[in-house]
Amino acid sequence: MRIIVCIKQVPDTNEVRMDPKTGTLIREGVPSIINPDDRHALEEALRIKDRQEAEVIVLTMGPLQADVALREALAMGADRAILLTDRKFAGSDTWATAHALACAIGKIGAFDLILCGRQAIDGDTAQVGPQVAEYLNVPQVTYVQSMKLEGEKVVVERALEEGCEIVETSLPCLLTAVRELNTPRWPFMAGIFDAWREDRVEVWSADDIGADASIVGLKASPTAVRRAFTPEPKARGTMLEGSGRETVRDLISRLREKHVIS
Ligand code: FAD
C-alpha cells in the first residue's frame, strides 16, 4: 500500500507577531514546525505501516528550508520525502498550491491513500486537501477523527460540531486529519541520523512535475489578498458577580438598558 502525506512547514504561531504597518507576519526568529494537524496525518500513515506492508511518502511544497520538516517526518519513520521548490511556485494561492501537489502526486504514480491535515495554522483555509482531491478526481473525507482500513475501502469517523458522522469510501481517496485522530510519535534516534543524510530528500522543480505558469505561481492564483491586519482589541468584558439568580437579574436589566431586549 502506498500512502502519501502532504505536510506543510509553518511558523510556530504561538510566537508569531504581525507588523502593524505592513500587515505581514514577522517571521524573523520564529521557529518553524510541521503543521500540527499534519503530524496527526503522518502518525496515522505510520500506524498503518506498523500493521501492514506500506510505503509512506511525505510531500511538501515550500522554500529549501522546508526540508527540515521532511527530515523530521523521515526521522519519525516515513520512507521517502519529496520537496517541491522553485521560484515558479512563488505567489501560489491554495488553488495553485493544490495543483502543484496534485502534479507531484501524478509523478509519484499510483497511490492508495493521501493524508493531509485538516488545516494549516498559518494560512488557515482548510482548502488544500479538498482541492488536491478534486484535481486528482478521488473521493475525499475531511475532519477525520478515526479511521479503519477494510480491504479496498476505509471507514472513517468525521468530527462534526455536534457529534460525528461515519462515512465509508473506496480507495484510493484523500482524508484530512484532526488532532483527535491519534497522538503523534517522537522521532527516534537512529531515524534522526538517517534523515539528515543529504540524499534522503528528493528535490523537484516545477519542470520536474510538468507545472508551468498557467498552473502555479501568482498568475495562476485566482485569490488576491486586499489587506491583512490585526483587529483592534475589543473592550474588556464585564464579569457579573453574585448568585445565579442575582447575575441573571443583573444581565436582564443591562440588556434592557441597551434595548437588546424589551
Ligand atoms: P490549508 O488549506 O489550511 O492546509 C490544509 C492541509 O493541506 C495542510 O494541513 C497540509 O496537509 C496540506 N498543505 C497545505 N499547504 C501545503 C504545502 N505547501 N505543502 C504540502 N502540503 C500542504 N505562500 C508562500 O509560502 N509563498 C508565497 O509566495 C505565497 N503567495 C501567496 C499568494 C496569494 C495570492 C495567496 C492567497 C497565498 C499565498 N501564499 C504563499 C500562501 C499559500 O497559498 C498557502 O499557504 C497554501 O496554499 C496553503 O494554504 P493554507 O495555509 O490555507 O493551508
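Atoms within a ligand are numbered from 1 in the order they appear, just like the ligands themselves.
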Review point. Which ligand 1 atoms are under 4.0 Å away from a heavy-atom of Ala90?
Key: 28 (O)

Revision key, fill the gap. Atom 36 (C) of ligand 1 sits nearest the protein heavy atom Asp93 CB, 3.5 Å

Practice item. For Asp122, take its heavy atoms, then give the atoms of ligand 1 lying under 4.0 Å from any of them. Key: 51 (O)

Check your understanding: Does Glu157 pair with Lys148 as a salt bridge, N-O distance under 4.0 Å?
Key -> no

Revision key, fill the gap. Looking only at protein heavy atoms, what sits closest to atom 34 (C) of ligand 1 is Thr223 O, 3.3 Å

Exercise for review: Identify, for atom 15 (N) of ligand 1, the protein heavy atom at the shortest distance, and state residue, atom and that distance.
Suggested key: Lys8 CD, 3.4 Å

Review point. How far is atom 6 (C) of ligand 1 from its nearest protein heavy atom, and which residue and atom name does that atom have?
Key: Gly117 O, 3.3 Å

Point to revise | Identity and separation of the nearest protein heavy atom to atom 47 (O) of ligand 1 | key: Thr97 OG1, 3.0 Å

Exercise for review: Considering the heavy atoms of Leu101, write down every atom of ligand 1 situated less than 4.0 Å from one of them.
Suggested key: 19 (N), 20 (C), 21 (N), 22 (C)

Practice item. Pull out every atom of ligand 1 sitting under 4.0 Å from any heavy atom of Thr94, numbered as shown with elements. Key: 43 (O), 47 (O), 49 (O)

Point to revise | Nearest non-hydrogen partners of Gly129 and Cys116, listed with the distance | key: CA-SG, 3.9 Å

Check your understanding: Purely on distance, is any nitrogen or oxygen of Ala126 under 3.5 Å from one on ligand 1?
Key -> yes

Exercise for review: Specify the protein heavy atom at minimum distance from atom 39 (N) of ligand 1: its residue, its atom name, and the distance to 0.1 Å.
Suggested key: Ser92 O, 3.3 Å

Study note, to complete from the structure: The single option from Asp124, Asp37, Asp122 that satisfies salt bridge (charged side-chain N to carboxylate O under 4.0 Å, His left out) with Lys8 is Asp122

Revision key, fill the gap. Among non-hydrogen protein atoms, atom 19 (N) of ligand 1 lies closest to Met61 N, 3.0 Å

**Study point:** Region of Cys116 that comes within reach of ligand 1 [heavy atoms, distance under 4.0 Å]
**Key:** both

Review point. How far is atom 26 (N) of ligand 1 from its nearest protein heavy atom, and which residue and atom name does that atom have?
Key: Gly91 N, 4.5 Å

Review point. Which of the numbered atoms in ligand 1 are below 4.0 angstrom from a heavy atom of Arg118?
Key: 5 (C)

Check your understanding: Which of the numbered atoms in ligand 1 are below 4.0 angstrom from a heavy atom of Gly123?
Key -> 50 (P), 51 (O), 52 (O)

Review point. Where's the contact between Asp38 and ligand 1, heavy-atom distance under 4.0 Å: side chain, backbone, both or neither?
Key: side chain

Review point. For ligand 1, which atoms, with element, lie under 4.0 Å from some heavy atom of Thr60?
Key: 19 (N), 20 (C)

Check your understanding: Taking non-hydrogen atoms only, is Val5 closer than 4.0 angstrom to ligand 1 via side chain, backbone, both or neither?
Key -> neither

